[in-house]
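Below: one structure, written as structure tokens.
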Amino acid sequence: MSTPVVVPSAQLQAQPQSTRAKPTKPQNTHAKPTEPQAQPTRAQPGLGSPAGGIDPGAYPDAIRPLAPVVGAELATPLAAGGELRYANLDYAASAPALVEVADHLNEVLPYYASVHRGAGYASQVSTSVYENARGIVREFLGARPDDEVVFTRNTTDALNLLAGCIPGTGDVLYLDIEHHANLLPWQARPHRSVVAARTLAETLERVRAWLKAGEVSLLAVTGASNITGEILPIAELARLAHEHGARIAVDAAQLAPHRRIDIASADIDYVAFSGHKLYAPFGAGVLVGRADWLDTGKPHLAGGGAVREVRLDSVVWADGPARHEAGSPNVLGAATLAKAAQVISGLDEGAWHRHEQQLRDALVAGLGEVEGVTVHRLFEDSDLGAGPASRGSIGIVNFSIAGHDAGLTAAYLSAEHGVGLRDGRFCAHPALRRLGLPSGSLRASFGVGSRLEDVERLVRGVRDLVEHGVRLDYTVDSGRWVPTHDARPFPAWAPNTPGTAGAAPCTAED
């Protein structure tokens with residue numbers, strides 16, 4: 001059992017400071033790459049009010065949520081007593097369900113039944129809902145008519161599926177800034193990692209050099225960083241890949257909830273994303289792309305529904321999406337994912353981007369007025385301007401506070417200010433080391449249900465921490481900081497089992 005400790009802010013471990021390093025040539029994975037550290041950017045004061053707060057008049061499009069989400073008025077208890085509306089700034093991990101999606105779920109749920117082989121009415125309805133969801137997702141992504149739409153558990157599952165379908169022995173090429181979901185699946189086959197440079201332009205040149213060297217089957221890239229939100233030029237990367245005889249796969253887990261994607265016009269071969277980040281519950285994901293690799297690749301799971309004929313010692317596998325969807329599928333996950341895609345597609349693009357950009361601008365400006373805060377970015381030349389034409393960044397801000405441990409800061413913001421955000425290494429260990437943050441940092445993220453008040457609450461909490469320190473005592477329980485005396489009750493149907501809210505194994509570097 002952990003021993004409670006009093007943790008004043010003066011004793012918190014400082015976050016490591018990034019240092020400038022010369023970029024190195026891309027390294028083959030057979031030799032350990034040299035990782036240049038990105039230069040952090042000191043958060044700069046922006047459009048704050050004269051009193052040092054955030055002036056709502058400077059961010060008119062961010063004052064209210066853009067679309068209603070479930071739990072928008074959720075009351076969160078504070079550790080010392082009382083409650084506040086929950087300020088959810090953790091959309092990049094899992095976004096709350098859209099109200100329209102929840103309503104659609106309630107419509108579908110009475111008809112929920114096993115799909116494909118049932119003659120019953122409910123089974124027929126469920127089958128129609130499930131198969132129709134493919135067309136909705138295809139339209140959402142601007143996919144080609146003959147692209148396959150395979151439902152999976154999540155983005156990680158989708159990319160692992162694709163990894164089993166790559167023909168031949170050509171390498172998979174990926175950047176060292178990727179989420180583990182777009183890094184680990186490729187390590188079971190020939191692969192090369194490109195060490196990202198300090199600028200995006202130089203990074204593209206490094207990718208070009210590796211592609212030009214030949215023997216690359218697939219370029220796997222993120223559409224938007226899950227760490228900093230910076231958007232990569234996926235159409236340009238697709239062009240580079242195709243010029244050198246490779247295909248491209250885009251991890252769009254973060255990009256799809258924030259930007260339009262058009263597979264056909266950008267000439268992208270494969271896209272993967274998750275419903276739980278697109279305001280849909282039930283943990284469904286999807287892989288969309290060219291059929292030839294998928295129809296001849298190893299079936300992702302062996303089991304019923306993925307076959308044409310089975311004998312005791314042989315099998316004839318199906319082609320099409322069924323080949324990779326063995327077992328009873330996640331019908332409600334597919335239905336809610338498709339409904340979320342329809343809702344997001346219906347948003348006014350200009351209003352959508354202004355809402356998100358102003359939230360991000362307000363947060364960066366507010367943090368810039370707090371001593372010791374550093375906002376991190378991967379590339380010095382990222383276009384962070386506003387508007388739909390901006391390559392820019394999605395609604396993510398990654399930051400650290402000098403002298404303050406990220407895990408303790410997140411626990412303090414939750415317990416004392418009712419703010420939920422993410423801390424740690426974000427399943428992107430190489431990228432965090434590159435940023436000079438091997439022990440992790442803080443990530444605030446928002447979406448269509450966010451409002452300016454959430455950003456204001458976070459900035460007030462950070463300022464209060466820097467100026468006054470934590471007000472409660474905290475201890476480490478099962479790997480996570482928690483208040484030593486925590487009066488926050490759980491709902492009656494959610495037992496507060498000790499140790500179950502602990503950290504993931506990869507939260508901090510060993």
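Hydrogens, waters and symmetry mates play no part in the numbers below; they use all other heavy atoms, side chains included. Note that the structure is predicted; figures quoted are calculated from it, not measured. Starting from 1, each residue takes its place in the sequence as its number.
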Answer yes or no: is there a donor N or O on one side and an acceptor on the other, between the side chain of [X] and the main chain of [Y], under 3.5 Å?
| X | Y | answer |
| --- | --- | --- |
| Thr336 | Pro281 | yes |
| His191 | Arg189 | yes |
| Asn330 | Phe282 | yes |
| Asp176 | Pro430 | no |
| Ser445 | Ala92 | yes |
| Asp251 | Ala253 | yes |
| Asn132 | Ser128 | no |
| His300 | Glu325 | no |
| Gln124 | Gly118 | yes |

Heavy-atom neighbours of [X] [atom1] exceed 12 at 6.0 Å:
| X | atom1 | value |
| --- | --- | --- |
| Glu131 | CD | yes |
| Arg239 | CZ | yes |
| Arg153 | CZ | no |
| Glu453 | CD | yes |

Problem set entry | Nearest-0.5 Å distance, CG of residue Asp61 to CG of residue Asp361 | 11.0 Å

For this session: Tell me, please, whether Trp293 has Arg247 positioned over its six-membered ring: NZ or CZ under 6.0 Å from the ring centre and within 45 degrees of its axis?
Result: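 Yes - Arg247 lies over the ring of Trp293, closer than 6.0 Å to its centre and within 45° of its axis.
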
For this session: Test the Arg377-Phe399 pair against the cation-pi criterion, namely NZ or CZ under 6.0 angstrom from the six-membered ring centroid and within 45° of the ring axis.
Result: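 Not satisfied by the 6.0 Å and 45° rule.
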
Are [X] and [Y] close enough that a side-chain donor and a side-chain acceptor fall under 3.5 Å?
| X | Y | value |
| --- | --- | --- |
| Ser123 | Ser114 | no |
| His116 | Tyr130 | no |
| Arg360 | Ser393 | yes |
| Glu230 | Ser382 | yes |
| His242 | Asp267 | yes |
| Asn398 | Thr228 | no |
| Asn182 | Trp186 | yes |

Problem set entry | Criterion side-chain contact (heavy atoms from CB on, under 4.5 Å) against Phe273, the qualifying member of Thr152, Leu255, Leu337, Val250 | Leu337

Exercise. Taking the side chain as C-beta and beyond, is there a heavy-atom pair between Arg323 and Leu294 under 4.5 Å?
Worked result: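 They are not in contact (no side-chain heavy atoms under 4.5 Å apart), so the answer is no.
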
Exercise. Is a salt bridge present between Asp292 and Arg290, judged by a nitrogen-to-oxygen distance below 4.0 Å?
Worked result: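 No salt bridge links Asp292 with Arg290.
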
Exercise. Is the His179-Phe426 ring centre distance short of 6.0 angstrom?
Worked result: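 Distance test on ring centres: not under 6.0 Å, no.
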
